[in-house]
Amino acid sequence: MIIQKRNKITKVHWLLLLPLLICVSTPLVAAQSGTSANPFDTTLIVPDTAAVAAEPVTDLTVADHRYDHGEKLDLTWVPSADDPPVGGTVVGYRVYRIADGSEPVLVAELPPGTNHHTDEGTSADSSYVYFVTSVTTSAEYESARTEAIVPNVEWLNFDKKYLFLLALIVGGSVVIFIETARRGKKLFVRKIAGLEAVDDAVGRATEMGRPILFIPGILDMDDVQTLAGLTILGRISRVIADYDTRIFMPVSRSLVMTAGRETIKAAYQTAGRPDKYSDDMVTYVTDEQFGYVAAVDGIMVREKPATVFLLGAFFAESLILAETGNYIGAIQIAGTARPAQLPFFIAACDFTLIGEELFAASAYLSNEPKALGSLKGQDVGKAIAMAVIILGVVAVTIGEAWQVGIMNDLTDILRAIFSTM
Amino acid sequence: MANIGIIISLVIIFGGLLALLIRSVKSKEVDRRVIFLFIFVAVAAPILFPVTFSEKASPVVKAIFNKVESLPAGSKVLLSFDFDPAMAPEVQPMANAISRHCLYKGHKVIFMSLWATGQALLTQSLQDFILPGFPEKRNAVDWVNIGYKAGNEGVLNVIITDFRKMFPTDVNTVPLDSIKIFDDIKSCKDLDLVVSIGGGKPGPKEWILFVGDPGNVPIGVGTAAVVAPQLYPYYPAQVVGILGGVKGAAEYEYTLKETHSRFADMDTPGLRMMGPQTLAHVVIMSFIIIGNIIYIAGRRREKKRR
Amino acid sequence: MKRQIPLFITFFVGALLIFSVFIPPMESAGENFTLFFDIIAVFAFFLGGGNLLRVHITKLKRRKQDWPFSIVTIAGFAFMLTVGIFKIGNPGGIAASVTADGSWFQEVFNYVLTPLQSTMYALLAFFVASASYRAFRAKNREATILLIAAFIILLGRTPFGLMVTSWVPESLSVLQIPNLAIWIMNSPNLAGQRAIIIGIGLGVVSMSLRLILGVERTYLGDDSG
Amino acid sequence: MDHLAVWVAAFLTLGIISFLYKDNPWYKLSEAIFVGISAGYWFVTLFWDNIYGKFWVGKGEDPMLWVGAALGVLMLLRLIPKIGWISRWPLAFIVGCTAGLYLINYLSSNMMRQVQGTILPFFSSQFGSGFDATAYTIVGNIVVAVGTFTGLVYFFFSKEHKGAFGGTARVGIFFIMLTFGASFGYTVMSRMSLLIGRVDFLFFDWLGMIK
């Protein structure tokens, strides 16, 4: 690695002498540069006996990049006079950076016709000078150097002001509603069919004397769907502890195993049955997607659980698991936020929590005012989305159909606010 | 032999389905293992005894076919293989079929790729599938492979004004200036048709946005099945036609075989793969119908009992 | 204290990461997390792998049902660990990549794991059929819509889709089954997906806030609410 | 070697497929092999990539790596029951990070971008001149806007699905069901391709070899 770097520097250093050498001995340089200074791709080299000349680029300027922490600088220039759309001698440009007066370093090779570049390798505590060379098939020609510049560090990214605003409104209303609920105001939340069924599903397992199987998806703790699955697990295992039913949870990630154990243990403690809890309720199988599925399928047909929960992030295995669960006659409650897998759960499970309902489930099951309050906050976000869709569609339709300027302005504003950058 | 095999299998499949259909009126559920067996036979039989269904080309496929068909001999067509080995099973068949069609019609064909891994695939499919059928076609005169250049849509931005800037030479480092096809081609605007085959980025969409629209060049696209719906909004204003997945390839192959006797014995991987697909789809649809009959019959019975 | 410290950690890092999006010098915080996470996951595997071994050894010791298969699992696990960590049967020796061509490790991946994976995956072909047989029944209005949409799409992917509707005039070609299938994928399907996706986005916001604010804390071994 | 490999692959392939009939020792054996081998495979790759690759080859230069390692060690304290509760710290850390990261990500990419994409004109002078294309686009855009709006109404939690609101929610659920039916049907083909691949292997690579 280190050796490579050094090589590069010496090569570049040597290249800088090229223009000078050309004056002295043109044929020699042409032959040399053909072998050692390799402009981009080998296919580009057209053997040539004389050095091909080109004008350097002009008006090279460097400016600070907006909203970075000093790691970027923007360069602009006017392309070489020998780089017209057709038939120029320039085959590309090279950008060189000189940091704090040290040796120039090649930072980019660009195709012809380019007039700008963003260097992403700077830091805020150095000063930089740049120059650009026009590369022909046999040599390169240096431009004037820029003024020295020290990159600025910005502390706030104002490009993301609308994102911040929306996060503030949506997040703020969640917090406000949680606070309202904490003060004791009653909040209404409609019934969610799949969640109404949880108690019955657990009760059924108790009656039948069969275990309950809980699958938290196949992703790790760094996915929010797994977290949603685990929070629901917390609520469900409270009920399970009360009913004194067996729960079994094979997992495909070690961290989920640890978190799953903590969750169930806590639920049993709260229910006053810590003696009933055992680490064997949660077991690790394998990280491999289909290896895990093979094992869970085996568990399903052998243990014949009465109730199966599939709550978390699922991929192609969704239907394999759900069909096997259906085959053994288990009541199945599934939920995922992966739209591609929802159809399969809808087809094979008794109840399916569709996307948002998965995240709302633990709040709903807890029946705690605070948690329910957060669902209200979500609805504010939905109301905003709905209002913007109506407003936007009306504005853009009127604006485009009848060329109404003010409506077009409104559309542009809405699109700008909801653009993610 | 193959014919007898497939006839027996078809009789078994459809006879079985009919029997189940009759049984379903009595509202008797089908064991899922029976369904599994049907699926297995429906997939395995056409693989063992290759069977092809007639694939009438849908308008979007027909449109590309007709475009290639109607261009006068000597027209300049560019085919871009914008895919990698992972995508190849789905789009390679259509790439082969279109390439053959273009060569057969006497078009001057330029092959290229926007994907680094596509160049090897392109060179190989030219060698193995496409060129062996056309020994009379000469490199640089009837076709040329200019290979891959890095830069994604940047490549397109350059070749819309000048090929030689991006591709000074073809894959064998022969300068474009000494390649006959390029005598009167300066940029993409001089082409009579561009077909981009791929499914990712850069791919068909980039060709439409960076070459088709600005240069007013007719663009045809071939793509993986999952991507196809996203390209439909561009039809017919911005693209000539769309081949979607193996099915699109099968339709193209079928039309090609029907239209030109030269291709009667052509290898048709698309059609071959559609055999098991079609049968499996038919089996699933039959079972949906059977399931509904069972449900309706069962409900009637319950009513009667009351 | 046992409960307060974890709650504080969650709150602190959660809030920090939210604000880091808007503060350029902190932009790399998210990437750092991925780095942390990968390392923690490896350490956690000692717990997971240990658990796997413990479960199967217990099964073996107590001669529980199907115990002979536990020997196979333990043997397979141990084999992969030794072959992989000590690079046994690797033509390049200990210096080569563990997945070098021709190494035992890679051979087992190619000839044992790959066929197992793809066959398990292929089972979906069967389950797709049995699920559609059972689920696509016109039990109520919603189920009927599900059924019709699925049927049109299925039909559109066979040659019969075009045959059935070939009488439709060219000016109304949108109504031909294959085109109708495409239209369904593009318009109503897109609308449904959008509603679901927007809902998910808001659900995540609310769920994340509950976690960060400590309203949701079951995973921390504290359910006292 | 090749012969043996194909036989092993075929043996395991059939073992898995046999599960479709019912659970049996052949499947159990394939399953046991699958679980043992794959768990080992994952650990070995994780080890070489993350521990060896980052701490040995990369010399652990990034101080952040050591923070990760420290958290990992805390995780292992679970094994000591007395101070096992400390292992909640790395868990709390991971949960906090995940929640913080996803909040903004999902808000921008799921909610904002999708809302923006729905702002489409019902009618515009810019649409294609042909009647067909125009009608197609108009109907398409109306359906997208109406479907998205009613779908959101369905997800609304604060109001019972009754009256006009309930009716709108019903339209929403229709759209969602249509979506599910369509995506289900659309996936069948790719699922069949997987089976075709396996059957191909059995017939040609394995049985073809016997011939």
Side-chain angles (χ1 to χ4, degrees), chain A residues 163 166-167 170-171 187-192 221-224 227 255 258-259 262 285-288 290-291 294-295 297-298 301-302 339-340 342-344 346-347 354-357 360 375-376 378-379 381-382 385-386 388-390 392-393 395-397 399-401 403 411 414-415 418-420, chain D residues 16 19 22-23 27-28 30-31 34-39 41-43 46 75 78 87-88 91 94-95 97-99 102-104 106-109 111-113 115-116 118-126 141 145 148-149 152-153 155-161 176-177 179-181 183-184 187:
Chain A
L163 177 61
L166 266 168
V170 177
L187 297 172
F188 171 80
V189 171
R190 73 167 167 89
K191 279 188 177 164
I192 301 176
M221 292 291 285
D222 59 346
D223 189 275
V224 74
L227 298 187
L255 277 171
T258 314
E262 289 287 350
V285 181
T286 169
D287 276 59
E288 219 293 319
F290 288 107
D297 264 7
V301 291
R302 280 159 224 154
L342 281 166
F344 303 112
I346 292 274
I354 302 168
E356 188 175 8
E357 293 173 340
L375 298 188
K376 288 271 176 193
Q378 243 162 285
D379 279 353
K382 252 169 283 174
M386 282 149 65
V388 171
I389 289 174
I390 292 184
V393 166
V396 76
T397 304
E400 294 217 351
Q403 298 302 326
T411 313
L414 286 177
R415 284 202 175 134
F418 281 81
S419 77
T420 42
Chain D
I16 297 287
F19 180 73
K22 65 176 202 185
D23 192 27
Y27 176 75
K28 285 179 190 169
S30 313
E31 178 201 320
F34 202 168
V35 169
I37 301 261
S38 64
Y41 183 88
W42 268 83
F43 179 63
L46 277 181
M75 196 80 221
R78 282 188 74 79
S87 74
R88 286 179 197 161
L91 269 186
I94 291 171
V95 170
C97 285
T98 309
Y102 273 75
L103 195 149
I104 296 295
Y106 268 66
L107 186 70
S108 72
S109 68
M111 185 209 165
M112 291 168 66
R113 195 175 295 167
V115 170
Q116 193 206 26
T118 314
I119 305 181
L120 295 170
F122 284 177
F123 182 80
S124 161
S125 47
Q126 285 170 17
N141 286 355
T148 310
F149 183 85
L152 284 173
V153 169
F155 284 117
F156 223 72
F157 293 122
S158 305
K159 222 166 139 58
E160 199 79 68
H161 287 170
I176 290 170
M177 284 298 153
T179 301
F180 290 154
S183 341
F184 191 110
T187 324

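Naming: A, B, ... by sequence-line order, numbering from 1 per chain.
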_Interchain contact, A:I390 with chain D, by part (heavy-atom threshold 4.5 Å)_ = side chain
*Please look at A:L227 and chain D and tell me whether the side chain, the backbone, both or neither of the residue comes under 4.5 angstrom of a heavy atom of that chain.*
side chain
*Side chain from CB out, backbone as N, CA, C, O: work out which of these in D:Y102 comes under 4.5 Å of a heavy atom of chain A, or both, or neither.*
side chain
*Measure distances from A:A347 to the heavy atoms of chain D and classify the residue's part below 4.5 Å as side chain, backbone, both or neither.*
side chain
*D:S87 portion near chain A, given a 4.5 angstrom heavy-atom threshold*: side chain
*Identify which part of D:L152 has an atom lying under 4.5 Å from any heavy atom of chain A, answering side chain, backbone, both or neither.*
both
*asked:* Which atoms of D:F19 are under 4.5 Å from chain A, going by heavy atoms: the side chain, the backbone, both sets, or neither?
replied: side chain
*Could you tell me whether the side chain of A:E262 reaches within less than 4.5 Å of the side chain of D:R78, counting heavy atoms only?*
yes
*Count the heavy-atom pairs under 4.5 Å between each of D:H161, D:K22, D:M75 and chain A, then report the option with the highest count.*
D:H161
*Under a 4.5 Å heavy-atom cut-off, does chain D meet the side chain of A:A360, its backbone, both or neither?*
side chain
*Pick from A:I354, A:D379, A:D297 with the largest number of heavy-atom pairs that fall under 4.5 Å of chain D*: A:D379
*asked:* Quick check on the interface: out of A:K376, A:R302, A:K191, who has the most heavy-atom pairs with chain D under 4.5 Å?
replied: A:R302
*asked:* Within the 4.5 Å heavy-atom criterion, are A:V301 and D:Y27 side-chain neighbours or not?
replied: no
*So which of A:Q378, A:E357, A:E356 has the largest heavy-atom pair count under 4.5 angstrom toward chain D?*
A:E356
